[in-house]
Undergrad: 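There's a structure below that I have some questions on.
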Amino acid sequence: MQFIKRKKYCSDICKFKGESISKEAIIQDIKLYYFNNSRIPFKREFNHTNAARKRFGSWNRAIIAAGFIPNPVMFANEYKAKDGHICDSLSEKIIDDWLARKELTHIRNVPYPGNAKLTADFVIANYWIEFFGLQGQHKRYDELVKEKLALAKQYKLKFIEIYPHHLFPQNKLEEVFANLSLES
């Protein structure tokens, strides 16, 4: 079945079925996701966000009904990764935890050469890694992305870019780091 544009459902019938999920089923799915992933799902990871909004009034209210505290602004909180690193977002924590599970020694917030005010999210050996989670959403953020890319090019840094589609709805970090060669 092919989906056109950004439609979530193939037909009005499927949309009705998807949006008619019960409160109990939504709560159960949120709890199951938490059990399997040790965190609440983002809206983009959850198949029934329209039903959740319809049943609870908002996504955050559905999260509260499931017994969890919502993160109302996606990149507003700091999170502690399993290896103790402080991450600026849940997405960065997901990346940090993945690197730790793969036993890839990594450093957080390393200043760029030529501009110590800008820092890379992660450095592994000689690879500079950035999660560009807000690209295309904020003008100033996009300017920072351009600055970082320019510095990477100027200093010939081995550079890995990670975007939300690499994490959601399915984690694709294995693919992102598939060609990582830790030899100099």
Side-chain angles (χ1 to χ4, degrees), residues 3-8 33-34 36-46 49 59-60 63 68-184:
F3 291 85
I4 300 169
K5 297 184 182 175
R6 292 180 60 122
K7 290 185 178 182
K8 198 171 192 174
Y33 188 95
Y34 185 87
N36 289 331
N37 298 282
S38 302
R39 64 178 177 82
I40 58 174
F42 287 129
K43 283 190 273 187
R44 68 179 97 179
E45 295 176 297
F46 197 73
T49 54
W59 172 248
N60 284 342
I63 295 297
F68 302 107
I69 299 170
N71 182 17
V73 179
M74 190 174 204
F75 297 97
N77 296 332
E78 288 186 341
Y79 294 86
K80 189 172 186 176
K82 291 179 181 174
D83 62 6
H85 289 144
I86 301 300
C87 300
D88 297 327
S89 68
L90 182 55
S91 297
E92 286 184 11
K93 179 189 180 309
I94 291 168
I95 296 166
D96 196 292
D97 288 344
W98 186 90
L99 295 171
R101 267 193 318 278
K102 297 294 182 175
E103 298 180 354
L104 292 169
T105 302
H106 54 283
I107 304 169
R108 293 267 307 137
N109 300 322
V110 177
Y112 275 88
N115 187 339
K117 291 181 181 178
L118 293 179
T119 60
D121 293 328
F122 305 94
V123 172
I124 299 174
N126 56 347
Y127 287 88
W128 296 66
I129 302 158
E130 287 286 358
F131 173 65
F132 293 136
L134 293 175
Q135 188 176 33
Q137 297 181 31
H138 300 288
K139 185 177 179 180
R140 179 63 188 131
Y141 187 86
D142 290 346
E143 291 169 3
L144 289 173
V145 169
K146 287 179 185 176
E147 286 181 55
K148 289 181 176 188
L149 292 172
L151 287 169
K153 184 176 181 178
Q154 178 183 352
Y155 290 95
K156 297 180 173 77
L157 303 176
K158 291 183 179 181
F159 201 77
I160 297 174
E161 300 170 48
I162 303 174
Y163 295 92
H165 71 269
H166 291 121
L167 299 178
F168 313 109
Q170 194 171 23
N171 187 318
K172 298 176 186 164
L173 291 175
E174 199 73 44
E175 295 170 25
V176 170
F177 292 104
N179 296 323
L180 186 72
S181 172
L182 297 179
E183 299 170 16
S184 297

Undergrad: Flag the pair Lys158 / Trp128 as yes when at least one side-chain heavy-atom distance between them is below 4.5 Å, and no otherwise.
TA: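 With C-beta onward as the side chain, the pair stays apart.
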
Undergrad: Are Tyr34 and Phe68, when compared by the centres of their aromatic rings, separated by less than 6.0 Å?
TA: yes

Undergrad: Minimum heavy-atom separation for Phe131 to Asp121, with atom names?
TA: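 Closest pair (atom of Phe131, atom of Asp121, distance): N-OD2, 2.7 Å.
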
Undergrad: Indicate the atoms forming the closest heavy-atom contact of Pro70 with Ile40, along with that distance.
TA: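 For Pro70 versus Ile40, the nearest heavy atoms are CA-CD1, 4.0 Å.
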
Undergrad: Which residues satisfy the salt bridge (Lys or Arg N to Asp or Glu O under 4.0 Å) test with Lys80, sequence neighbours excluded?
TA: none

Undergrad: By side chain to side chain donor-acceptor pair (under 3.5 Å), which residues pair with His166, not counting sequence neighbours?
TA: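 None.
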
Undergrad: Using 4.0 Å as the upper bound for N to carboxylate O, is an ion pair formed by Glu143 and Lys146?
TA: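 Salt bridge flag = no for Glu143 with Lys146.
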
Undergrad: Could you report the tightest heavy-atom contact between Phe132 and Pro164, atom names first, then the distance?
TA: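 The answer is O-CD, 3.6 Å.
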
Undergrad: Can you find a heavy atom in the side chain of Lys93 that is under 4.5 Å from one in the side chain of Arg39?
TA: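 Answer no - side chains too far apart.
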
Undergrad: Can you tell me how far the CG atom of Leu157 sits from the CD1 atom of Ile129, to the nearest 0.5 Å?
TA: 12.0 Å

Undergrad: Report yes if some heavy atom in the side chain of Gln135 is under 4.5 Å from a heavy atom in the side chain of Asp142; otherwise report no.
TA: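 They are in contact (side-chain heavy atoms under 4.5 Å apart), so the answer is yes.
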
Undergrad: Inspect the surroundings of CG in Asn36 and state if more than 12 heavy atoms from other residues, nucleotides or ligands are less than 6.0 Å away.
TA: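 Check passes, neighbour count above 12.
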
Undergrad: Taking it one step at a time, do Arg101 and Glu174 satisfy salt bridge (charged side-chain N to carboxylate O under 4.0 Å, His left out)?
TA: CA-CA 12 Å; Arg101 267 193 318 278; Glu174 199 73 44; over 6 Å; no

Undergrad: If you compare all heavy atoms of Thr105 against all heavy atoms of Ile124, which two are closest, and at what distance to 0.1 Å?
TA: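 Residues Thr105 and Ile124, closest heavy atoms: O-CG2, 3.6 Å.
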
Undergrad: Do the side chains of Tyr127 and Phe177 get nearer than 4.5 Å, heavy atoms only?
TA: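 Sidechains of Tyr127 and Phe177: no contact.
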
Undergrad: Test your reading of the model: is there a side-chain donor-acceptor pair from Tyr79 to the backbone of Ser91, 3.5 Å cut-off?
TA: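 Looks like no, no N/O pair under 3.5 Å.
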
Undergrad: Could you check if a side-chain atom of Phe122 sits within less than 4.5 angstrom of a side-chain atom of Ile160, using non-hydrogen atoms only?
TA: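 A side-chain contact under 4.5 Å is absent here.
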
Undergrad: Could you state the interatomic distance from NZ (Lys148) to CD (Glu161), rounded to the nearest 0.5 Å?
TA: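 Lys148 atom NZ to Glu161 atom CD measures 11.5 Å (nearest 0.5 Å).
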
Undergrad: Got a second to check how far Asn37's CG is from Asp97's CG, nearest 0.5 Å?
TA: 11.5 Å

Undergrad: Measure across His106 and Asp83 and return the closest heavy-atom pair with its distance rounded to 0.1 Å.
TA: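 Shortest heavy-atom contact: NE2-OD2, 2.9 Å.
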
Undergrad: How far apart are the closest heavy atoms of Leu173 and Ile94, and which atoms are they?
TA: CD1-O, 4.4 Å

Undergrad: Anything under 3.5 Å between a donor and an acceptor, one on a side chain of residues 109-120, the other on a protein residue two or more places apart or in another chain? List them.
TA:
from	atom 1	to	atom 2	distance (Å)
Tyr112	OH	Glu130	OE2	2.5
Asn115	OD1	Lys117	N	3.0

Undergrad: Look at the side chain of Asp96 and the backbone N and O of Glu92, then say whether any donor-acceptor pair between them is shorter than 3.5 Å.
TA: no

Undergrad: Can you tell if the side chain of Pro41 reaches within under 4.5 Å of the side chain of Phe168, non-hydrogen atoms only?
TA: no

